[in-house]
Each structure stands twice: as structure tokens, then as C-alpha cells.
Amino acid sequence: MPPTPQPLHLHVPEPTGRPGQATDFSYLHLSPAGAVRRPELDATPASTADLAFTLVRVLDDVGTAVGPWAPPHDAALLRRGLRAMMKTRAFDAKMLLAQRQKKISFYMQCLGEEAIATAHALALSPGDMCFPTYRQQGLLLARDDVPMAELMCQLMSNARDPMLGRQLPVMYSYKRAGFFSISGNLATQFIQAVGWAMASAIKGDSKIASAWIGDGATAESDFHTALTFAHVYRAPVILNVVNNQWAISTFQAIAGGESTTFAARGVGSGIAALRVDGNDFLAVLSASRWAAERARRNLGPTLIEWLTYRAGAHSTSDDPSRYRPADDAQHFPLGDPIARLRQHLTRQGDWSDDEHGQVQQALDAEVAAALKEAERHGGALVDGHVPPIETMFEGVYKDMPAHLREQLRQARQEI
Ligand SMILES: Cc1ncc(C[n+]2csc(CCOP(=O)(O)OP(=O)(O)O)c2C)c(N)n1
């Protein structure tokens with residue numbers, strides 16, 4: 001007689017820490033700084049399998065750069081990097097406040113994730129194209145050619161908004177700065193980045209693409225399609241997965257991170273993969289350079305899982321104290337990216353507390369001045385000072401068709 005079958009049950013992943021509890025971060029499986037090998041640039045994807053389950057780290061607990069991934073010492077570049085992270089954080093803090101003051105309708109910070117976009121930006125070349133999510137403002141703020149006031153005009157949907165008031169705040173678009181238009185639909189940019197990289201190769205160009213996605217959004221089908229196309233055509237693209245542990249209120253385990261890694265998806269798809277400490281500026285810089293160089297030399301795509309923690313709320317519409325411990329970020333074992341690079345540079349004699357204070361003050365003043373400048377152009381929420389009504393109908397098609405011209409005529413009559 002066959003044995004009586006056991007009743008089946010489903011497994012529903014849960015985070016270990018809920019409000020009032022402490023998270024058990026052992027699930028992260030960290031490697032000590034300097035412990036993970038650095039493969040040759042032409043490593044086969046299959047040979048990177050171990051790197052998908054370990055963690056590339058450079059900065060140790062006291063801020064020394066150790067191991068094969070430590071980039072060559074470049075004090076000027078690292079000082080620029082620290083300033084870029086501080087600028088990103090100062091910008092975020094001011095915009096969060098501006099949302100609370102009803103100057104803008106919505107905002108999303110990248111608190112705790114500043115190292116990833118800013119260090120990555122330093123590894124790219126002019127003309128490369130990033131396909132960001134809404135949490136890579138650091139890509140723009142690491143540069144000096146996109147004025148902060150202009151970003152704020154976008155957030156305010158005011159008369160100087162480069163997006164002409166058509167987009168939700170944060171959904172920037174800067175073709176000239178290699179920053180593809182952000183879309184509200186998660187993951188769509190991941191496959192578009194691969195297509196852009198394929199086009200670059202078809203044209204015989206030398207530019208590469210950098211695709212961005214969060215841990216939660218990897219569950220979207222576009223993520224998997226992107227990996228297949230990147231692998232099949234060996235597209236010159238870096239596939240960045242920012243694993244900040246959360247997708248709004250859902251823990252990374254329920255997006256498929258339990259007992260495996262997002263980097264492992266790369267290896268499974270025939271793509272070289274790295275899993276990297278996203279709060280370690282030096283590791284981000286070094287791994288980004290490795291992946292960029294592979295792409296440039298036609299050695300194929302690289303998938304990088306950046307391990308980090310979303311220290312802030314998902315957005316200004318979110319209250320994380322409802323679903324996770326209030327002090328979770330302070331206990332995240334990879335610490336804070338700004339504090340860690342500051343410690344490193346101070347230790348090297350390339351930074352001081354005095355300088356930190358001065359830079360902080362200067363950045364706060366710069367952000368405040370930019371806000372004043374942006375406010376001179378009004379705002380949708382404060383005074384209804386918005387782009388003209390025509391802009392609502394333009395750009396839907398290259399040329400405005402008759403039915404939209406008619407709707408524009410009617411709209412003009414209404415106002
Ligand atoms: C296709 C689609 N589904 C759902 C949403 C709603 N949504 C916006 S952000 C988000 C969470 C994304 O989390 P993750 O990819 O981990 O990125 P993070 O916000 O943590 O940076 C969701 C579900 C959306 N914008 N698009």
C-alpha cells in the first residue's frame with residue numbers, strides 16, 4: 001500500500017525582523033574585505049559562479065583598502081566621490097523637506113545607496129548611456145553639468161521644468177548626460193538598455209550601456225528577457241541589480257532572493273556575475289570599471305548585484321515603520337557608504353573633520369541656493385506657475401494630428 005501522502009503546504013518567505021523586533025542579517029552571507037578573488041577580464045561567465053555567492057569588498061572595518069579589488073590610490077577621485085555622495089544626500093534631505101512643505105508633490109530618496117550610482121558614474125565614459133530607475137539620482141549628482149536647480153524645476157513641475165510638467169517628480173530625462181528617461185513602469189528600462197547596447201555594437205560604436213533595476217523589479221519578465229538578449233548577442237551592457245533588501249514593504253526574499261542571490265541569475269543566464277558591497281565606494285568603483293572594461297572589449301555583459309540597504313522610506317508616500325524595525329538601517333552590517341569612505345580618506349590623510357564640515361556646509365548652501373533659484377520659476381503646487389497648455393498636446397506624436405489640434409483648441413477655450 002502506498003504511504004499516506006503528507007498534506008502539501010506553500011512556503012511564503014518572511015523577513016526575520018518586523019516592527020519592534022531585530023533583523024537577523026546572517027542571511028546576507030558576507031565575505032571579509034579583500035577575501036574575494038578578482039578574475040581576469042576575459043573570464044568565462046561560468047567561471048564566475050563562485051563570485052555570485054560571495055561578496056566583493058575593499059574597505060575593512062577600520063577603513064583600510066585591502067585585497068585584489070582595491071583600486072589604485074587616487075585621492076583626488078575619491079575626494080570627488082565623497083563630495084558626490086554628500087551632495088546626493090544633501091539634495092535628498094532638502095527635497096524630502098520640500099515635499100513635506102508642499103513645494104513638491106512627491107519625492108524618492110536614495111539614502112544609504114549613494115555609493116552605488118556615484119562611484120559607477122565615475123567608471124563610465126562620456127557617451128555611455130545609463131538606463132536608471134528612480135533611485136539613481138547619484139548618476140546625475142556625481143556630474144557637474146546638470147544644474148541642481150534644473151532638477152528641482154522638474155520636481156516642482158514649474159515653468160522651467162525640462163519635462164514640461166508631464167512627468168511625476170523624480171522621473172528625470174537627460175539624454176546629454178547619458179541618463180535615459182525614467183519610466184514609472186518597473187523593469188522596462190532593463191531590456192531597453194540591452195537594445196541600446198546592441199545598437200551601439202551594430203553601429204560599430206564604442207559606447208556601452210548601463211542598465212539599472214531594483215531587487216523587487218527583477219521579478220518582472222523584462223528582467224529575464226534582458227538577460228537572455230544580453231547573453232545571446234553578447235551586448236556591451238552592465239546589468240546592475242540594486243539589492244536594497246526591500247521593494248516598498250516586501251522583503252527581497254519574496255522577490256526570489258531567499259537562499260540564493262540575484263547575481264546567480266546572471267551565471268544561470270550565461271552572463272558573468274559579481275556580488276559586490278554596495279556601501280563600499282572603492283568596491284563599487286573597481287567592480288564597475290571591471291564590468292565596463294569587459295563591455296568595451298567585446299567580452300560581453302556583466303551582471304552586478306549591489307548589496308545595500310534602503311535606509312529611507314520607499315518614497316514620501318511610504319511609512320516603513322509599519323513593516324520593518326525602525327532601527328534596521330543602523331544594524332545593517334555593511335554600514336553607511338559616506339561614513340566608510342570618510343573613514344578611509346581620513347585614515348589616508350586625504351580628508352579631515354574640518355574639511356568634512358566645510359564641504360557639508362558648502363553643499364547645504366549650494367542646495368539651498370538652487371532651491372531659491374528653482375522657486376523663482378514658481379511651481380505647480382505653490383502658485384500654479386506651470387508650462388503652457390500647448391505642451392500637454394505636443395510630443396504625443398512627432399507632428400500634432402488633427403484630433404489633438406482640435407482638443408488643444410477646446411482646451412484653450414476652457415482656460
Ligand atoms: C510594473 C510595475 N509594477 C508595480 C509598480 C509599483 N511599484 C513602484 S516602486 C515598486 C517597488 C520596487 O522595488 P525595487 O525594484 O526593489 O526597487 P526600490 O524601490 O527598492 O529601489 C513597486 C512595486 C510599478 N511602478 N510598475
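Side chains included, hydrogens not; waters and symmetry mates left out as well; all remaining heavy atoms used. Since the structure is predicted, the reported quantities are computational estimates derived from the model, not experimental observations. Just follow the structure's listing: the first ligand is 1, and inside any ligand the first atom is 1.
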With the threshold set at 4.0 Å, does a side-chain nitrogen-carboxylate oxygen contact exist between R166 and E390?
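No salt bridge links R166 with E390.
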
Check this for me: does any side-chain nitrogen of one of D128 and R296 sit under 4.0 Å from a carboxylate oxygen of the other?
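R296 and D128: salt-bridged.
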
Just wondering, more than 12 heavy atoms not from [X] lying within 6.0 Å of its [atom1]?
| X | atom1 | result |
| --- | --- | --- |
| Y27 | OH | yes |
| R322 | CZ | no |
| D61 | CG | no |

Shell of residues surrounding ligand 1, defined by a 4.0 angstrom heavy-atom cut-off that is strict:
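Residue list for ligand 1: Y134, R135, G184, N185, L186, G214, D215, G216, A217, E220, N244, W246, A247, I248, H314.
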
I'd like to check the ring pair (Phe, Tyr, Trp, His ring centres under 6.0 Å) partners of H120; sequence neighbours left out, ordered by chain and number.
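Scan of H120 (ring pair (Phe, Tyr, Trp, His ring centres under 6.0 Å), adjacent residues dropped) gives W212.
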
